[in-house]
Chemist: 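Please read through the structure below; I'll follow up with questions.
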Amino acid sequence: MAERRPLRSELLLALALLALACGLAFATRARRHEGRRGSDEPEWIAISILHWQQLVNGARPAGAELDPPAERSDNPWKQGVQRTTFGYMSPCLPKLVWGAALVAAGHSQASPRAFQVFHRDDPAAGQRAQAELLPAEPLARRVVLALCALSAVLLFFCARELVPGRAGLLAGTLAFAAWFATPLVQATSNYLRTDHFMLPFCLAGLLVALRRPRATLASGALLGLSCGLAVSSKFNGGLLCAATAAWLALAVRRDPAHWKRAALALGLAALITVACFYALNPRLWGEPLAGVQDMLGRWDKLLGYFQDELAPRTGVAVARSLPERAALFFRTLAGGGFVLGYAGLALAAAGLALLAWRATKGCSHAQATLAFAVIFVLGTIAWLPLDWERFYLTATPALVLLQVAPLAYAAERWLPRLNAA
């Protein structure tokens, strides 16, 4: 069972760690894009401002008047900027967070000409529209840095649950440090993409599973909220839904007499996940099933374009079969995306074996962490379409926990002996 700790002390620790993590995120960030616009960054700023204005302030869809007749729709969430790659086909929570921060700071205007579909015939107009968004870029990047910091804090608490006492504190500290030392994290934490929005919710779900190993309606509600917010940040967050089902199945295995309670918890989690995703994605309002099919269909088409047209022009490696994806995944992480390279992956493999061994002994913390790691690593490999660094980020928290696990178990064994010596 999890150690009982005073809530006030936990909150104070979390706030102190968050302050430290924000400083470390800022200090370790990659600076390659500072002072210039990165690819797609102006579009993410523009869609966030315009989405916020349309949803919260009731503005008409920006750029709807520019739609060619063949592209026009009666649905306001498929008009103008909403029909771009950054619009309805992308989950909306990141746009709402960015939009709220930017509009509150006075960045309330953006031109549809910032999007390629509206400046394709007038590149100069596109350059002017994107240049107008440059003052908003530092704040938008700080939001990503803050989310990166939040993931580090949650990693600390998740790793601390692996073992009790001071060994747990050591494990949490190592996970916290390993997160910021990971080149992949450094490369993506200062760049406008939605990947870092999803990770805190996934780690929050893991923390719920670690601290509430029994299936209850409360745990089902918390897991459902985490899943809904994760999927509303990025579709990869659906891996947390699979992990939630696995955690509740493990709870039944540990306590078969309460399978009905676990089934109710799973049903509540699913209901809250669907409700949250529906509420945060206006494209689904009125036609949820058709809307989901439309969004997924557009993503399939976009990934096909990345693999078949964009990658050959830019020299990016493409992975189509499962063996190709696995080879690309491990080669990239070992070659510079992960702490310690091949040694780090070897340590993660040892952590996987130790977690599996402890899981067979009935340790609920090992079972929950093992399920999370296996689902997020294998899920990332199975989906990986091509060699873009941010596509590996989904598995990074799991890899950090696997890497820390052997050190945590060693500390649990040896710290008492050192104290007794």
Side-chain angles (χ1 to χ4, degrees), residues 1-11 13-14 93 150-151 153-164 168 171-172 175 197-233 236-280 355 358-376 379 394 397-398 401 405:
M1 295 293 291
E3 295 179 65
R4 292 188 177 274
R5 303 180 179 94
L7 180 59
R8 185 164 179 256
S9 298
E10 291 290 275
L11 289 175
L13 176 60
L93 183 59
L150 181 57
S151 291
V153 174
L154 290 166
L155 263 175
F156 170 89
F157 285 108
C158 289
R160 191 182 63 166
E161 295 295 324
L162 287 175
V163 288
F197 283 85
M198 173 192 67
L199 298 181
F201 299 119
C202 294
L203 287 166
L206 174 59
L207 190 58
V208 170
L210 290 168
R211 293 194 167 183
R212 293 175 174 267
R214 298 179 63 189
T216 64
L217 290 180
S219 63
L222 291 171
L223 288 169
L225 182 61
S226 298
C227 288
L229 294 174
V231 179
S232 296
S233 299
N236 304 43
L239 293 172
L240 182 62
C241 300
T244 293
W247 291 328
L248 292 174
L250 287 168
V252 172
R253 184 177 180 183
R254 288 191 297 267
D255 195 359
H258 292 119
W259 68 268
K260 291 183 179 179
R261 186 175 62 191
L264 286 173
L266 181 60
L268 180 60
L271 180 63
I272 292 176
T273 299
V274 172
C276 186
F277 185 71
Y278 179 84
L280 289 172
L355 284 171
R358 287 217 170 188
T360 61
K361 301 296 182 182
C363 176
S364 62
H365 290 164
Q367 290 173 351
T369 307
L370 179 66
F372 177 85
V374 169
I375 288 170
F376 273 77
T394 308
L401 289 170

Chemist: Looking at V252 and A262, what are the two nearest heavy atoms and their distance?
Modeler: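 So the minimum-distance heavy-atom pair works out to CG2-CB, 3.2 Å.
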Chemist: Run R358 and L162 through side chain to side chain contact (heavy atoms under 4.5 Å, CB included) and show every step you take.
Modeler: CA-CA 10 Å; R358 287 217 170 188; L162 287 175; over 6 Å; no
Chemist: After noting the C-alpha distance and the side-chain angles of L280 and L229, does the key distance pass the side chain to side chain contact (heavy atoms under 4.5 Å, CB included) rule?
Modeler: CA-CA 9 Å; L280 289 172; L229 294 174; 3.9 Å; yes
Chemist: Would you say the side-chain atoms of R254 and Q367 include a donor-acceptor pair closer than 3.5 Å?
Modeler: yes
Chemist: Before giving the answer on side chain to side chain contact (heavy atoms under 4.5 Å, CB included), spell out for L401 and L355 the whole-Å C-alpha distance, their side-chain angles and the decisive distance to 0.1 Å.
Modeler: CA-CA 10 Å; L401 289 170; L355 284 171; over 6 Å; no
Chemist: I need the minimum non-hydrogen distance between A243 and F376, along with the two atoms involved.
Modeler: CB-CE1, 4.4 Å
Chemist: Which atom names give the shortest non-hydrogen contact between L203 and F372, and what distance separates them?
Modeler: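 Scanning both residues, the minimum pair turns out to be CD2-CZ, 4.2 Å.
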Chemist: Can you see which heavy atom on G205 is nearest to which on L240, and at what distance?
Modeler: CA-CD1, 4.3 Å
Chemist: Can you tell me how far apart CH2 (W259) and CG (L248) are? Round to the nearest 0.5 Å.
Modeler: 14.0 Å
Chemist: Under 3.5 Å, is there a donor-acceptor pair between the side chain of S226 and the main chain of L222?
Modeler: yes
Chemist: I need the minimum non-hydrogen distance between A218 and R212, along with the two atoms involved.
Modeler: CB-NH1, 3.6 Å
Chemist: Where do L250 and A371 come nearest, in terms of heavy atoms and distance?
Modeler: CD1-CB, 4.3 Å
Chemist: For L210, does its backbone N or O pair with a side-chain atom of H365 as donor and acceptor, under 3.5 Å?
Modeler: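 A pair under 3.5 Å: yes.
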Chemist: Hey, what do you get for OG (S364) to CZ (R253), rounding to the nearest 0.5 Å?
Modeler: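 S364 OG to R253 CZ: 13.0 Å, rounded to 0.5 Å.
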Chemist: Could you state the interatomic distance from CZ (R211) to CG (L206), rounded to the nearest 0.5 Å?
Modeler: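 Between R211 CZ and L206 CG, I get 11.0 Å after rounding to 0.5 Å.
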Chemist: Once rounded to the nearest 0.5 Å, what's the spacing between atom CZ of R214 and atom CG of D255?
Modeler: 6.0 Å
Chemist: Start with the C-alpha distance between L13 and F156, add both sets of side-chain angles, then the distance that settles side chain to side chain contact (heavy atoms under 4.5 Å, CB included), and finish with yes or no.
Modeler: CA-CA 11 Å; L13 176 60; F156 170 89; 3.9 Å; yes
